[in-house]
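In this text the structure is predicted, and so the values were computed from the model without any measurement.
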Amino acid sequence: MGKIVTIAGLFIVFLVSCQKEFSAEKASGSLQDSLGQCMPVLVSGTYKKGEPLKADSFFVIVQVNITKPGSYIIETDSVNGFHFSSSGYFTTTGIQQVKLRPAGIPANDTLSLFTCFFNNSNCTFSINVSDSNYTPGTISNGLPNDSTINTWQFTDNTDGSFHYGTFDTSETRFDVNTFWNNLILKGWPGNAAQLSRDTIFSISLFLPGPVIIPGNYSITSGAGGNNSFVYANNDIWTGTGANQYFTYYIATTAIDPDFAFTLVSYDSNNRLVKGTFRGITYRIKNHTDVVGEYHSVSGHFSAIVR
């Protein structure tokens with residue numbers, strides 16, 4: 001019996017040893033898809049200055065493209081007093097969703113830009129932190145009062161720059177007629193008061209029917225394949241009318257036929273549409289530039305449609 005126990009004990013030790021070696025294998029993969037573009041990030045919770053973040057309500061869900069199973073650590077940098085992280089083990093390859101849990105307390109009411117890290121990849125996302133007196137869900141001028149409604153943002157994944165702003169509710173609409181059904185989302189940068197009116201953010205989608213239906217829409221779909229993304233940021237020196245800074249992004253079928261828009265959801269009760277977009281754009285950085293560059297962008301939006 002003593003020998004049997006000894007052999008059994010050695011076998012258990014061998015299994016434990018193998019399990020330790022197996023679990024030590026690190027997963028391989030990326031936060032970016034096969035085209036090198038950051039995948040959408042879902043942010044849960046209404047963040048307020050000075051209020052603790054409970055893990056069951058405040059979290060971030062990222063998508064990861066896993067090429068080899070193994071252990072992982074996914075984390076963000078610390079911004080405005082808080083950050084997110086998760087660790088575990090991937091058992092399969094392919095696109096996986098991971099919930100990152102929070103730590104810390106938001107220090108200031110401001111838009112906070114985070115960078116998420118996994119292996120050698122990184123992607124950015126933002127969280128708007130409101131004042132502690134802010135109450136979500138209330139109605140103001142017939143519109144839901146939420147810090148993320150009627151806002152847009154995108155990241156230039158090529159140079160790391162971040163752009164954001166609000167929608168012009170008088171210009172954001174869904175035009176339905178005999179020839180086309182055009183969803184128009186139009187807005188301005190966050191510092192629009194200092195900018196000229198040729199500064200604009202615009203998404204134009206031609207939908208197949210007279211009803212807004214969530215789904216994926218390529219830039220080549222719609223009437224004549226004329227879906228488009230445009231962002232022009234023209235900053236003017238106060239009182240002089242001279243160009244201080246100019247940035248121009250445009251996506252067309254000629255530039256990137258794979259540029260994609262996703263209408264994630266549409267609530268017909270309050271006419272709220274949410275979505276994402278990503279792909280290659282043509283960017284001109286300065287108003288004196290003759291030739292631009294190709295830059296990858298990814299972003300999301302939330303808008304009330306008239």
Side-chain angles (χ1 to χ4, degrees), residues 29-43 61-65 94-95 97 113 115-116 118 121-126 151-165 167 172 180-189 199-208 212-233 246-266 273-285 289 291-303:
S30 175
L31 294 166
Q32 302 169 348
D33 61 17
S34 59
L35 298 176
Q37 300 172 18
C38 291
M39 292 182 284
V41 176
L42 173 64
V43 178
I61 295 179
V62 299
Q63 297 187 60
V64 193
N65 186 11
I95 303 297
Q97 289 190 338
L113 178 62
T115 301
C116 186
F118 172 63
S121 67
N122 65 84
C123 289
T124 60
F125 65 92
S126 67
T151 62
W152 58 266
Q153 60 181 270
F154 72 89
T155 300
D156 183 327
N157 301 310
T158 302
D159 68 9
S161 62
F162 179 66
H163 309 267
Y164 69 96
F167 283 109
T172 298
W180 58 71
N181 309 289
N182 189 197
L183 176 61
I184 301 171
L185 308 175
K186 189 178 292 185
W188 318 103
T199 296
I200 192 172
F201 172 93
S202 175
I203 289 176
S204 177
L205 299 179
F206 291 90
L207 304 186
I212 297 176
I213 299 177
N216 298 317
Y217 298 89
S218 72
I219 204 163
T220 59
S221 63
N226 287 325
N227 290 341
S228 64
F229 163 76
V230 176
Y231 174 55
N233 182 342
F246 181 81
T247 300
Y248 180 77
Y249 292 83
I250 184 170
T252 65
T253 57
I255 293 171
D256 180 16
D258 294 323
F259 196 97
F261 307 88
T262 299
L263 299 184
V264 177
S265 64
Y266 177 64
V273 62
K274 295 183 179 181
T276 64
F277 57 93
R278 57 179 175 160
I280 302 300
T281 65
Y282 188 69
R283 190 198 72 159
I284 298 175
K285 186 175 181 181
D289 289 347
V291 179
E293 302 173 326
Y294 292 100
H295 281 218
S296 167
V297 303
S298 59
H300 57 85
F301 57 85
S302 172

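Separating the CG atom in Leu263 from the CG atom in Leu207 is a distance of 6.5 Å, to the nearest 0.5 Å. From Leu31, atom CG reaches atom SG of Cys38 across 7.0 Å, with rounding to the nearest 0.5 Å. Here Tyr294 contributes atom OH and Ile280 contributes atom CD1; the two are 10.0 Å apart, rounded to the nearest 0.5 Å. Rounded to the nearest 0.5 Å, atoms CD (Glu293) and CG (Asp159) are 8.5 Å apart.
Evaluation of the side-chain hydrogen bond (donor to acceptor under 3.5 Å, both in side chains) rule for Thr262 yields Asn216 as partners, not counting sequence neighbours. Residues passing the disulfide (SG to SG under 2.5 Å) test with Cys116: none are found, sequence neighbours excluded. Evaluation of the side-chain hydrogen bond (donor to acceptor under 3.5 Å, both in side chains) rule for Thr158 yields no partner, not counting sequence neighbours.
Under the 3.5 Å distance criterion, the side-chain polar atoms of Tyr282 are matched with a main-chain donor or acceptor of Gly292. A donor-acceptor pair is defined here as one N or O able to donate and one able to accept, closer than 3.5 Å; no such pair exists between the side chain of Thr115 and the backbone of Cys123. For the pair Thr281 (side chain) and His295 (backbone), a donor-acceptor distance under 3.5 Å is present.
Ring geometry, Phe259 versus Phe277: the interplanar angle falls under 30°, so the pair is classed parallel (tilted spans 30 to 60°). Between Phe154 and His163, the ring planes lie parallel to each other; the angle is under 30°, not in the 30° to 60° tilted range.
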Audit row: Val41, Ile61, side-chain contact (heavy atoms from CB on, under 4.5 Å) steps and yes/no: CA-CA 6 Å; Val41 176; Ile61 295 179; over 6 Å; no
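Residues Val62 and Met39 fail the side-chain proximity criterion, which asks for heavy atoms closer than 4.5 Å. Side-chain contact between Pro208 and Tyr217 is present, with at least one heavy-atom pair separated by less than 4.5 Å. Residues Ser202 and Leu185 fail the side-chain proximity criterion, which asks for heavy atoms closer than 4.5 Å. Between Asp156 and Tyr249, the closest side-chain pair of non-hydrogen atoms falls below 4.5 Å. No side-chain heavy atom of Tyr266 sits less than 4.5 Å from a side-chain heavy atom of Ile213.
Residues Asn227 and Ser218 have side chains that never bring a donor and an acceptor to within less than 3.5 angstrom of each other. Using a 3.5 Å distance cut-off with no hydrogens or angles, the side chains of Thr124 and Thr155 do pair a donor with an acceptor.
None of Asp256, Asp33, Val297 except one satisfies the side chain to side chain contact (heavy atoms under 4.5 Å, CB included) rule with Arg278; the exception is Asp33. Partner of Trp152 under the ring pair (Phe, Tyr, Trp, His ring centres under 6.0 Å) criterion, out of Phe229, Tyr231, Trp188, Phe301: Tyr231 alone.
Closest heavy-atom contact between Gln32 and Asn122: NE2-O, 3.7 Å. Across every non-hydrogen atom of Ala232 and Tyr248, the tightest pair is CB-CD1, 3.8 Å. Nearest heavy atoms, Pro257 versus Thr220: O-CG2, 3.9 Å. Shortest non-hydrogen contact noted between Ser30 and Ser121 is OG-CB, 3.4 Å. Closest of all the heavy-atom pairs between Asn182 and Ser204 is ND2-OG, 3.1 Å. Taking all atoms of both residues into account, the shortest heavy-atom contact from Ile203 to Phe261 is CG2-CE2, 3.8 Å.
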